[in-house]
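Everything on this sheet refers to the single structure shown next.
Every chain is numbered from 1, with letters handed out A, B, ... down the list of sequences.
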Amino acid sequence: MIDTTHNELVTENGIAFSENVMLDLKHLKKVYPTPKGDYTVLEDLNLQIMKEEFVTIIGHSGCGKTTMLSMIAGLNEISGGNISVLGHHIKGPGPDRGVIFQAPSLMPWMTALQNVMLGVNQVFPHVAKSQRTDIAKYYLQKVGLEEAFHKKASDLSQGMQQRVGIARAFAIKPKVLLLDEPFGMLDSLTRGELQDILIEIWNKEKITAVMITHDVDEAIFLADRVVMMTSGPKAKIGDILDIDFERPRTRKSVLEHDDYYTYRKHLIDFLEH
Amino acid sequence: MKQSITLNRVTKFMGLGFLITLKSLFTGELDKEGFKNFLRKIVVPIASIFLFIGLWHMGAKSLYNIEAEYKIEKALTEQGQEAAEVMRACIASGDVSCQPNTLPSPAQVWESYKTLLRDHQVIKADKVAFAEKTAALNAKRVAEGKDPITYTGRPSFVDQIFTSLKTVFAGFLLALVIAVPIGVIIGLSKTLRSSVNWLIQIFKPVSPVVWLLLVFMIVKTMTKDSNSDSAFIISFISVGLCSMWATLVNTAMGVASVDKDYINVAKVLKLGPVQKVFKVILPSSLPLIFTGLRITLSVAWMVLIAIELLAQSPGLGSFVWEEFQNGAIDSNSKIIVAMFVIGGIGFLLDRIMLTIQNTVSFNKTSGI
């Protein structure tokens, strides 16, 4: 279990932060101007995510989960408060925060390999070309696409495309991995497969991950902590649930664990009230 | 079997799907569904062609009769009974001097088509003979640093076709070179887009004639001292300027409407501006750019004829105009031949562009 009560503060650039905190959201606020006046999506949202932690965020549709995630990614402007990665305030998007989007968002005219290489070339420009190719191929193998290196992205199934999306995100070795309901568009069988693949790579890389999901079981299976958000407007964090299962986990061991249904009940109670 | 699959693909790809049905007719692979297809795709179109020719024939005949009656009537009122009889006899005898001048019949057009081809053979032979005769002299002139003597005889119909094609491709290339880069730049910036929008909206509907005059004003002055072929320059620049708007607008639209997901990916990966344009924006807007280029080429071909006709630059347009001025007995049917040739070439050009468009389009369903 990760120690979330670590209190030893370090100061850098005038910002105090705990050494173990990877991602820090402070008094985060998002306001959208509308013709009828400002609409506040998020208000005074505070969340600290530790190094090597996997956090899932669950909440009703429209509560601002995706807004929050795209703010962390730097794709959406911050209206108030701040977000810092390892104590540095973020400015715009960057490859230190890899994103796996809900839609696979591959360039359809490129092959699977080219799609992964697009990121790898950008992040490791000084590494030899053959080595970069090896990195891309390694991650494509990890997601089970060794047969499909040279297939056009548009010729791949939705599930395969999302596998490439996972490979692309891990291959750039980000500090934080942001996942915006990455399996939301897949059928349940494929979703299960991809969860297994994701957790397998994650176990190896231990990249701090923040994942949005609608699926209670997915949230419990993957996470160290499940963050529950209240319904908008002015959404904030309603409750946080620590998931104390040991890693590496298997689906079977999780489902058979005594606490599983307690956790599940806790989440569903929150979502229903 | 595998071969036939590739044939199917290729012909469908080029929008020539009816060829498959034709092939299965000869190989005897026709089932009930195939027979229906055969009726729909081959029998009905051929029947419609015959119907068209039949209507044309009848129309031409009745126009001929009206014109003939009018001529006889005129002779009667102006010169009396006897002249009218002579005129009637003259028309019936098929004498060239008194034929009514009206819409030619399909048979006459076919005759003219053959005449034009024969004419081409004659001129070709003429050219070869000329080249042989002047070969020694030209070699000497070149050695002395003088310009060689070139053939200055009348161009044949086929020569005119190639001249027109050359002009249209030069104009098309000019449109491509101007419109695609500008379209990309405009598409990238919202501010730029709204600032040049008025210009595009005003110039887009301007008639080819006006473009020609504008280009004429500029080129006339610019080529004052040079002995270059200014008629060709004027017509290809006019063609390019008239036809580039579709590509410009489509490129700008394609670039401006790149899928937001791709842009987000580019942002997260922090791609530089050059990489962003060449790796993400251009490839994703290629289908729209090619839709624009396809429209541009067909517009270019359409305005080319009018521009050649006005600019007196050689080509099919001036062929049509000269035949019209000429007023010879087979001039009208030659004009109709030119009309069919123009239409046929326009159709072929469109098919070629469609094929290229389908090749570059990653989204196979969006091809039209």
Side-chain angles (χ1 to χ4, degrees), chain A residues 66 69-77 90-111 114-125 136 151-156 161-162 164-165 168-180 182 185, chain B residues 5-6 9 12-13 180 183-184 187-190 250-251 253-293 354-368:
Chain A
T66 299
L69 199 81
S70 61
M71 281 161 88
I72 301 174
L75 296 170
N76 204 333
E77 269 183 40
I90 60 156
K91 287 188 198 78
D96 58 330
R97 280 150 290 140
V99 185
I100 301 178
F101 297 93
Q102 182 168 20
S105 308
L106 303 181
M107 311 294 160
W109 54 88
M110 292 184 183
T111 63
Q114 282 169 335
N115 265 292
V116 180
M117 285 296 281
L118 186 68
V120 176
N121 286 341
Q122 194 60 20
V123 180
F124 309 111
K151 276 205 182 132
K152 278 259 170 68
S154 52
D155 294 337
L156 298 176
Q161 289 190 24
Q162 198 53 290
V164 181
R168 176 172 65 185
F170 276 100
I172 61 172
K173 303 214 187 294
K175 293 197 179 84
V176 184
L177 192 62
L178 305 168
L179 303 98
D180 183 5
M185 289 168 125
Chain B
I5 287 169
T6 44
R9 270 209 194 138
K12 277 220 178 94
F13 201 60
V180 173
V184 171
L188 286 175
S189 148
K190 234 182 193 160
N250 267 289
T251 306
M253 198 165 79
V255 169
S257 63
V258 172
D259 197 327
K260 205 151 191 310
D261 286 341
Y262 304 156
I263 299 288
N264 278 343
V265 171
K267 276 185 185 163
V268 168
L269 295 177
K270 274 214 159 145
L271 294 184
V274 176
Q275 273 212 315
K276 196 168 139 189
V277 168
F278 283 97
K279 294 241 156 137
V280 180
I281 289 173
L282 266 185
S284 95
S285 39
L286 265 191
L288 260 182
I289 294 178
F290 268 86
T291 309
L293 286 176
L354 179 69
T355 311
I356 300 174
Q357 189 186 348
N358 282 342
T359 323
V360 299
S361 167
F362 47 88
N363 189 356
K364 294 286 182 270
T365 50
S366 73
I368 308 149

Closest non-hydrogen atoms of A/Met107 and B/Val280, given as atom of the first, atom of the second and distance, are CE-CG2, 3.9 Å

Of the listed A/Leu106, A/Leu118, A/Asp155, the one with the largest count of heavy-atom pairs under 4.5 Å with chain B is A/Leu118

Closest non-hydrogen contact found for A/Ala103 with B/Asp261 is CB-OD2, 3.7 Å

Nearest heavy-atom approach of B/Lys279 to A/Met110 is O-CE, 3.6 Å

Quiz item: Heavy-atom distance under 4.5 Å between the side chains of A/Arg168 and B/Val265, does that happen here?
Solution: yes

d(B/Ile263 CD1, A/Leu75 CG) to nearest 0.5 Å is 11.0 Å

Between B/Lys270 and A/Gly94 the two heavy atoms that sit nearest each other are CG-CA, 3.8 Å

Okay, A/Val99 and chain B: the region with an atom under 4.5 Å from a heavy atom over there is both

